[in-house]
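Residue numbers start from 1 in every chain, and the chains themselves are labelled A, B, ... in the order their sequence lines are given, proteins ahead of strands.
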Protein chains: 2
Amino acid sequence: MSSIRDIAARAGASVATVSRVINHSGYVAAATRARVERAIAELDYTPNAGARRMRSGASWMVGVVLPALDVPFFGIMAHVLERELFRRGYQALICCTDESADQEARYISMLLSQQVDGVLAASVLEDSRQYQRLVDAGVPIVGLDRGFPGLAAVSVAVDHHAGGRMMAEHLLALGHRRFAVIGAPRHSPPVQARVLGVEKRLAEAGLAARVALGDAHDFDACRVLAAQVMTKGLTAVIGTTDIAAIAAVHAAIGMGLSVPGDVSVIGFDDLPEARYVLPALTTVAQPLREIGVQAVAQLCGLIAGQAVPMEALPLRLVLRDTTGPVAEGPVAG
Amino acid sequence: MSSIRDIAARAGASVATVSRVINHSGYVAAATRARVERAIAELDYTPNAGARRMRSGASWMVGVVLPALDVPFFGIMAHVLERELFRRGYQALICCTDESADQEARYISMLLSQQVDGVLAASVLEDSRQYQRLVDAGVPIVGLDRGFPGLAAVSVAVDHHAGGRMMAEHLLALGHRRFAVIGAPRHSPPVQARVLGVEKRLAEAGLAARVALGDAHDFDACRVLAAQVMTKGLTAVIGTTDIAAIAAVHAAIGMGLSVPGDVSVIGFDDLPEARYVLPALTTVAQPLREIGVQAVAQLCGLIAGQAVPMEALPLRLVLRDTTGPVAEGPVAG
DNA sequence: TTGTAGGCGTTATCAA
DNA sequence: TTGATAACGCCTACAA
């Protein structure tokens, strides 16, 4: 790797001049600039980011802490964040914690060691002690779908409670009266908020739902949960995520029920698979792209030390083929 | 951020001693070590990776170049690579090119600037000029599902040609004689190899398939392609990926056909959605995890300058519900 | 067993 | 308009 000194030697200039050319700062004669630029091209010179960071303090790196990349929700989120960060000149350091506090601690150490300019955290771990270390080091943090109790950190999220209400509302409007909720993972605050939203809206209609919460969020675990909770007479199932809802569809069909003939199912997220599955899933869509863009904008605001207005993140009901009017006439009571 | 000097001052030692403690190198008295370690803990000191790299040359960073993270295949691959790299002490710099040569060039510059110790490339772009820059800078490269013509780079991939044969074999064994292939994206060498494998095996049985290749690989594009190619009398459809196969199932059902009653469908990859969809998809599974682990092992071998034996990456037929015996008796001719 | 000092590649200050 | 030089944080000869 050639250094700024090699360029200086080849162009017959000093390192200071080369630095000025690279950074477009200060005065450089056109002829000198041309010589330097030629030398840079000839040697395929690339500035050493480590050395640069050591001088200037800014690393132009941002940590992105997520539980995983191999599930669609976080894969999509990571994609949006990475693209948006790179567009603004930042390199993403993606950290998959696998929901392990231990891993998370190691990643935070690494992020401190790399002198990241900021952190985007979608981690689902409750303990915010690790993030305290970042705050202590003056690293700004933006939480996705999570807050940091006691820490000065911005949080970007849709209104999950309202999302829960929307799911209930849609099924109530179709005449449903007997509900089940499949909620997983139970430790996720957004999931909890959606369940609360559903319960609130049903209570307003004088109804209550059978609620089943599960620890794991994989397809098989959700299907087992759904099979347990779906008793005779139930006509509406609310999944707190698309995966949970798709699992509920499988459970219903496995029990010999038809969807949406016998039972309606609604999900949340609007992941691509909501369209792949048959019947295609009715769901409440979150604007994942906008959430990611907004989170990056907020973080850049914190890094630059100036407030950025928080934009609205609207939810949207997406009607597909898993919900329909209740089959029997309205149930008494 | 505290530096090694702050630690030295607090522990009443010199920076050299602190460095020795941190790196477990040279002689340090137990008492001194204890004082230094206490100071490190008290100040939550983290070594500055940039400074370290400048001294030692090794950055402990590896570039991971992918077309995207928001499609399951690459999301899973990125997850495996990131976890395996971090386990070995490397930080992944994930780069989503969006299949743009322009973006890729920018990312390669960034990787050079960050002095990465190696690069894992799953990019689908043909042009290897950008990778030449890495080679010139002495950065080892491992390709996933791709080679680098003219460049000394290792490549890790399953035998896609054999995978094509497996798909054809399974359907032939079920008595099918009239085939279609939905192949996308057409520019992907693995996809091309699978198509070739299918054609070869069918030719051996004296048969040929209707082959439709598409530029785009999204669900909608594949469904359109499938609808075009599925003519009356066809009993078997081979998707070169699970997405293509799932789209073919949708197309068939949209045409009033039953799967697998009227038409059998098989895919390739065995992504999680192969199990979500109804009917669940029969497919050929690639060992994604093992591919990722193997790729990282190969890269670490290149970085360390010692050959690592390449392990076999077996494919596996996964029987689910989209393939069955041909409905009518064997077709004459 | 511990300390001193030089240099890695940059940028920024100051002088020329 | 350009150049010499100090400093960032760390590691490692070399000296003590």
Exercise for the section: Please list, by residue number, the residues of residues 106-115 of chain A whose heavy atoms come closer than 4.0 Å to an atom of DNA chain D; answer none if no residue qualifies. Expected result: none
Just by modelled atom types, is the [Y] backbone N or O under 3.5 Å from a matching donor or acceptor in the [X] side chain?
X	Y	result
B:T46	A:L112	no
A:Q298	A:V308	yes
B:S188	B:V191	yes
B:N23	B:S25	no
A:D145	A:A157	no
A:D98	A:S100	no
A:S59	A:Q115	yes
B:R83	A:C96	yes

Practice task
Quick one: do A:S113 and B:R52 satisfy side-chain hydrogen bond (donor to acceptor under 3.5 Å, both in side chains)? Show the steps, please.
Solution key: CA-CA 10 Å; A:S113 156; B:R52 220 170 218 198; 5.9 Å; no
Handout entry: Minimum heavy-atom distance A:P67-A:A122, with the two atoms named
Key = CD-O, 3.6 Å
Exercise for the section: Search all heavy atoms of B:I291 against all heavy atoms of B:V156 and return the closest pair with its distance. Expected result: O-CG1, 3.8 Å
Practice task
Enumerate the residues from residues 28-44 of chain A whose closest heavy atom to DNA chain C is under 4.0 Å, giving them by residue number; use none for an empty result.
Solution key: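 Contacts with DNA chain C under 4.0 Å: none.
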Practice task
For B:R35, enumerate each residue passing the salt bridge (charged side-chain N to carboxylate O under 4.0 Å, His left out) test, keeping only those at least two apart in sequence or located in another chain.
Solution key: none
Problem - Terminal helix-axis angle for the helix from C:dT1-D:dA16 to C:dA16-D:dT1, with five pairs defining each axis and rounding to 10 degrees - result: 40°
Exercise for the section: Let me have a per-nucleotide readout for nucleotides 10-16 of chain C, 5' to 3', with B, S or -, counting only protein heavy atoms under 4.0 Å. Expected result: BBB----
Practice task
Calculate, to the nearest 0.5 Å, the distance between atoms CG and CD belonging to A:D44 and B:Q132 respectively.
Solution key: 10.5 Å
Fill in the blank from the handout: Under a 4.0 Å heavy-atom criterion, DNA chain D is touched by chain A from D:dT1 to D:dG9
Exercise for the section: Establish, for the pair A:R146 and A:Y131, whether the NZ or CZ atom is under 6.0 angstrom from the six-membered ring centre and no further than 45 degrees off its axis. Expected result: yes
Exercise for the section: Check the pair A:R106, A:D102 against salt bridge (Lys or Arg N to Asp or Glu O under 4.0 Å), reporting the backbone distance first and the verdict last. Expected result: CA-CA 6 Å; A:R106 265 196 278 279; A:D102 218 52; 3.1 Å; yes
Exercise for the section: Find which nucleotide of DNA chain D each of B:T17 and B:M54 is nearest to by heavy atoms, and output the residue with the more 5' nucleotide. Expected result: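 The residue whose closest nucleotide sits nearer the 5' end is B:M54.
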Handout entry: Between P of C:dG9 and CE of A:M1, the distance in whole Å
Key = 10 Å
